[in-house]
Protein chains: 2
Amino acid sequence: MDISKILDHIHQLPEQSKLALQNNVTEIASSKGHILLKANKVEPNIYFIKKGLVRAYVERDNEVTFWFGKEGETIISMKSYVEDQPGYETIELLEDCELYELKTENLRKLFNEDVHIANWGRKFAEKELIKTEERLISKQFKNASERYLELMKDHPELLQRVQLGHIASYLGITQVSLSRIRAELK
Amino acid sequence: MDISKILDHIHQLPEQSKLALQNNVTEIASSKGHILLKANKVEPNIYFIKKGLVRAYVERDNEVTFWFGKEGETIISMKSYVEDQPGYETIELLEDCELYELKTENLRKLFNEDVHIANWGRKFAEKELIKTEERLISKQFKNASERYLELMKDHPELLQRVQLGHIASYLGITQVSLSRIRAELK
DNA sequence: GAAAAAAATTAACAAATGATAAAAAATGAA
DNA sequence: TTCATTTTTTATCATTTGTTAATTTTTTTC
């Protein structure tokens, strides 16, 4: 998905504002397995995914995957982006990726100069917020098996592209539990 | 907490922009038990809490509380605010409240006219997003007992002001489980 | 302050999920 | 292909959380 479409998909922008954003974007490619972004560091960039798949995880005893990003989605260390503080997430590429890179510093300048871009940034955060809130509520309502079925329905392609250990972690269960759930559904 | 302080606390605003916001705010009072905002309706206002305590819940078989709001916080039906669609949450006042009311329609006008207010709205969404993301991760990492201890640490006053049934629901467990956890901690 | 109602706790058993280990299947490298 | 490695499944037992019902405690109302 190319940058123009990605930007508009977040929130429609006047041509001039969109160009201002696009002028600050550089394209990079990176291969499967690469760690794009490390936890506990202030990340100076955000990325838009042109092609490929990534996951965000937090490290404790084990790794807990809490987000998958695919074509058209935005990779952000929220803490870095919002508060200029070290983030908790590590981003790993699950496939070879083509990314658009945008310096947070430049984006902030644009936020202060252009009301359309400021509202575009607002819309972005608001939409992400709704997605996150819905996931939180889903977690509170549904058991593991229901959450798995929901994921299958909403993002069936993930099951083709991501190994089950990551899916299990995303669902908040162990891989062994996920295997059991899948066996029961047969 | 008065409106000027609430607005600045979300994100520092130039005096003129703050006044523009304040001019659109009206003060209301409402009493404990009142349902401020009903699920499945487009809510035309947002509210800032001057005084009091509220909860947001979703109804299924049971009620699932997923948010508490107290002095200084903002009451929003996210779906209404962001997408002009019926929201999933009901807001109940847990104490007598004094609220500031702001029409979403007016706020949207201000977002388009004033870059400072647009960025203020962006910051608001971003901060809420971080809070929600952290809760999601906490839910993925911690068991019920750990989440209870975390809540006790971060928001001890809630335990004084809210009945345990709502706390249990917020933690994603039954009230009986919460009682058991509390008994074990003694 | 007594009675009624609501909230919180306790107990016993059921169901869901976790942990560990071993086996089977799939994937990748030489 | 073949061997080694990684991923997934299966099985067993432990732990956590849920369900239901009864009891105690607290709050509200008259």
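Order of the sequence lines fixes the chain letters, A, B, ..., with proteins taken first and strands second; residue numbering starts at 1 for each chain.
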Touch class at under 4.0 angstrom, heavy-atom based, for B:Thr174 against every strand present: base

Sugar-phosphate only, base, or nothing, as touched by A:Arg180 at under 4.0 Å among non-hydrogen atoms: base

In terms of side-chain heavy atoms of [X], which of [options] is nearest?
X	options	result
B:Val176	C:dT20, D:dT17, C:dA11	C:dA11
A:Ile173	C:dG18, D:dT9, C:dT9	C:dG18
A:Ala183	D:dT10, D:dT9, D:dA21	D:dT10

Can you tell me the distance, in whole Å, between the [atom1] atom of [X] and the [atom2] atom of [N]?
X	N	atom1	atom2	value
A:Leu171	C:dG18	CG	C1'	15 Å
A:Arg182	D:dT8	CZ	P	8 Å
A:Leu159	D:dT8	CG	P	11 Å
B:Glu146	C:dG18	CD	P	13 Å
B:Leu164	C:dA6	CG	C1'	13 Å
B:Gln175	D:dA21	CD	P	17 Å
A:Asn62	C:dG18	CG	C1'	12 Å
A:Gln163	D:dT9	CD	C1'	15 Å

Heavy-atom side-chain contact between B:Asp114 and B:Leu21 under 4.5 Å: no

B:Glu126 with B:Arg122: basic N within carboxylate O range, under 4.0 Å: yes

Note: B:Glu92-B:Arg55 ion pair, threshold 4.0 Å (strictly below): yes

5' precedence on DNA chain D between B:Gly172 and A:Leu178 (nearest-nucleotide basis): A:Leu178

side-chain hydrogen bond (donor to acceptor under 3.5 Å, both in side chains) against A:Asn112, all qualifying residues, sequence neighbours excluded: none

Near-ring test B:Tyr170/B:Phe66, centroid separation under 6.0 angstrom: no

Phosphate-side-chain proximity, A:Ser179 and D:dT10, N/O vs OP1/OP2 below 4.0 Å: no

